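Every value quoted in this text rests on a predicted model; they were computed, and no experiment measured them. The chains referred to below are lettered A, B, ... by the order of the sequence lines, with proteins before strands, and numbering in each begins at 1.
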There are 2 protein chains.
Amino acid sequence: MEYTVQRLSSLAGVSPRTIRYYDEVGLLRPCRINSSGYRIYGPAEVDRLQQIMFYRELGVGLKAIKEIIDAPSFDIKAALLEHRARLLAKRAQLDQLIANVEKTLAQAEGRIRMTDAEKFAGFKQKLIDDNEKQYGAEVRAKFGDEAVDRSNAALAGMTQEQYAAWQELNQKLMQTLTAAFATGDPAGKLAQEAADLHRQWLNFTWDSYSPEAHAGLPQMYVDDERFTAAYDKEQPGLAKFLRDAILIYTGQKQ
Amino acid sequence: MEYTVQRLSSLAGVSPRTIRYYDEVGLLRPCRINSSGYRIYGPAEVDRLQQIMFYRELGVGLKAIKEIIDAPSFDIKAALLEHRARLLAKRAQLDQLIANVEKTLAQAEGRIRMTDAEKFAGFKQKLIDDNEKQYGAEVRAKFGDEAVDRSNAALAGMTQEQYAAWQELNQKLMQTLTAAFATGDPAGKLAQEAADLHRQWLNFTWDSYSPEAHAGLPQMYVDDERFTAAYDKEQPGLAKFLRDAILIYTGQKQ
DNA sequence: CTTGACCTTAACGTTACGTCATGGTTTATC
DNA sequence: GATAAACCATGACGTAACGTTAAGGTCAAG
């Protein structure tokens, strides 16, 4: 299939000017010029434009994109895998922002309090991403993934010790929760211990705790598929079980 | 808590220049200037900056942001709810991009074929979002949600009839699948009917079908929490059941 | 009391296009 | 077979949201 400027632009969802600009800077040249001087683009150019769009979406500058995809070492499969990883990271950041907006709403309603730093969670993370974009690959290669993650945690305002403790707490919560789930009783001793661990875990990221806020959470856990997926991944029904345990723990039920 | 320029900038994860620029254009003025001419920002400015960051993240221009948050009718709770909705929409678009990258990878390995339009799925959607940003609210208020969704579908290259058919097919698939799940037999007649409906449903968005590609999908369904959540929301275990049914349908199993 | 890290204003540079202007080409329609 | 609408081309200037550098004042620590 061959495309003129506007056809290609509407295929990709950009403006004709963008296509011409990419020609101007040598990023995307037409495969040929027809008899009346029109730019004509072929399948190879379509694929190249797709790659450009992925990089652009991830915030890479046009000059850098050109260097990357024109490099003789450029490997499309590797590039696609990297795109996937970066897009997943971006999604994780978006999830942080969504959590932030929900917390801010809770604060606006007086249900919780937030520190100033918390008000920018998910925005600061963007800096981390940009850092990663530039140096992440090298550092990861040299010192391993853990080093990078620790560094990210530090950047996010958590010390290494805090981060380790938070990780450990999360693991403990999961263990206790699955054990409690086996008993089937959300009012039982194990389930209530899990609810308390959940409160502790929450305190790491929330800074101030109130029973009302804690009680408001679990319904969100069940309603929001992101949370259900995280908990139910271990065992289906775990999210609902945790909700019931917390409702009893906070005195909302029974 | 009071902040100087750099302290505020590092709190929010932006550059000092950005903070000064926002003062210059009247978007974020310091609450006072100290004796040596330094800009000082208080709690109200921190909250205002957070709002600015949310709007900026969603692609709103600084001038428009100023008009919105300076309007006397500005309601912070309503704004936060709108942020949440827009962020969720952005997340859905990211999911499309992730699916796109995965399909492109499958195509690079020769497992499936893609149309040129499919190669830009999730990018074109961005146009839809921008449209929504400008006119969505009004149209939604006037004609209701359904009208907007139909319009989005048309924009995405689907006719209304196609979209309706696609919706109906999806509903039918879910009904058949839950019925099949009740029998517990992925090789049974109902389960195989569900697998065939799934193939038809897929054909709406994939354009070209191959048994290999179809067989490669279900493992992804189980591995990727987005898909498991979508299916298991109805009934836990549904995703795995569908995987087994498809594996038998494509002849990969038994 | 000096050094380095902060603060100020001013002004020019940059990226990735948007937006005309001016003129030729193709396509649909009457 | 003309004519209008919708496309194509190349300039060339405009713009948003800062980055960057320069030239000078301020403050906390050793």
Worksheet entry | Residue closer to the 5' end of DNA chain C, A:Ser35 versus A:Thr18 (nearest nucleotide) |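 Its nearest nucleotide lies further toward 5', so the answer is A:Thr18.
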
Worksheet item: Checking side chain to side chain contact (heavy atoms under 4.5 Å, CB included) for the pair A:Leu8/A:Thr4: CA distance, chi angles, key distance, verdict?
Response: CA-CA 6 Å; A:Leu8 181 63; A:Thr4 59; over 6 Å; no

Practice prompt. With sequence neighbours excluded, give me every ring pair (Phe, Tyr, Trp, His ring centres under 6.0 Å) pair touching residues 72-99 of chain B.
Written response: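 Ring pair (Phe, Tyr, Trp, His ring centres under 6.0 Å) check on residues 72-99 of chain B returns B:Phe54-B:His83, B:Tyr55-B:His83.
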
Quickly work out the [X] [atom1] to [N] [atom2] distance and round it to whole Å.
{"X": "A:Leu62", "N": "C:dC17", "atom1": "CG", "atom2": "P", "answer": "6 Å"}
{"X": "B:Lys63", "N": "C:dG18", "atom1": "NZ", "atom2": "P", "answer": "17 Å"}
{"X": "A:Leu27", "N": "C:dA16", "atom1": "CG", "atom2": "P", "answer": "9 Å"}
{"X": "B:Glu24", "N": "C:dA10", "atom1": "CD", "atom2": "P", "answer": "9 Å"}
{"X": "A:Arg17", "N": "C:dC17", "atom1": "CZ", "atom2": "C1'", "answer": "6 Å"}
{"X": "B:Ile19", "N": "C:dT9", "atom1": "CD1", "atom2": "C1'", "answer": "17 Å"}
{"X": "A:Leu28", "N": "C:dA16", "atom1": "CG", "atom2": "P", "answer": "15 Å"}

Fill in: Pairwise side-chain contact, A:Ile19 with A:Ser9, heavy-atom cut-off 4.5 Å (strictly under)
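A side-chain contact exists here, since the closest heavy-atom pair is under 4.5 Å.
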
Practice prompt. Specify the angle, to 10°, made by the local axes at the two ends of the helix from C:dC1-D:dG30 to C:dT29-D:dA2 when five pairs are taken at each end.
Written response: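 For the helix from C:dC1-D:dG30 to C:dT29-D:dA2, the axes at either end differ by 30°.
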
Worksheet item: Which is the 5'-most and which the 3'-most nucleotide of DNA chain D that has an atom under 4.0 Å from a heavy atom of chain B?
Response: D:dA17 to D:dC27

Discussion item. Counting only side-chain nitrogens and oxygens, does A:Ser15 get under 4.0 Å of the OP1 or OP2 atom of C:dC17?
Written reply: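 It does not, given that no N or O in the side chain of A:Ser15 lies less than 4.0 Å from OP1 or OP2 of C:dC17.
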
Can you check whether [Y]'s main-chain N or O pairs, donor with acceptor, with [X]'s side chain at less than 3.5 Å?
{"X": "B:Glu118", "Y": "B:Thr115", "result": "yes"}
{"X": "A:Asn100", "Y": "A:Lys119", "result": "yes"}
{"X": "B:Thr18", "Y": "B:Val14", "result": "no"}
{"X": "B:Glu2", "Y": "B:Tyr41", "result": "no"}

Item to complete: Using the test side-chain hydrogen bond (donor to acceptor under 3.5 Å, both in side chains), find all partners of A:Glu82 that sit at least two apart in sequence or belong to another chain.
Response: A:Arg86

Fill in: Counterpart residues, salt bridge (Lys or Arg N to Asp or Glu O under 4.0 Å), relative to A:Arg29 (two or more places apart)
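Checked A:Arg29 against salt bridge (Lys or Arg N to Asp or Glu O under 4.0 Å); matches are A:Asp23.
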
For nucleotides 3-7 of chain C, print each protein N/O atom paired with a nucleotide N/O atom at under 3.5 Å, atom names and distance only.
residue	atom	partner	partner atom	Å
C:dC6	O5'	B:Gln6	OE1	3.3
C:dC7	OP1	B:Thr4	OG1	3.0
C:dC7	OP1	B:Gln6	N	3.0
C:dC7	OP2	B:Gln6	OE1	3.0

Practice prompt. Look at atom CZ of B:Arg48 and say whether more than 12 heavy atoms of other residues, nucleotides or ligands are closer to it than 6.0 Å.
Written response: yes

Worksheet item: Any salt bridge between B:Lys90 and B:Asp95, counting N to O under 4.0 Å?
Response: no

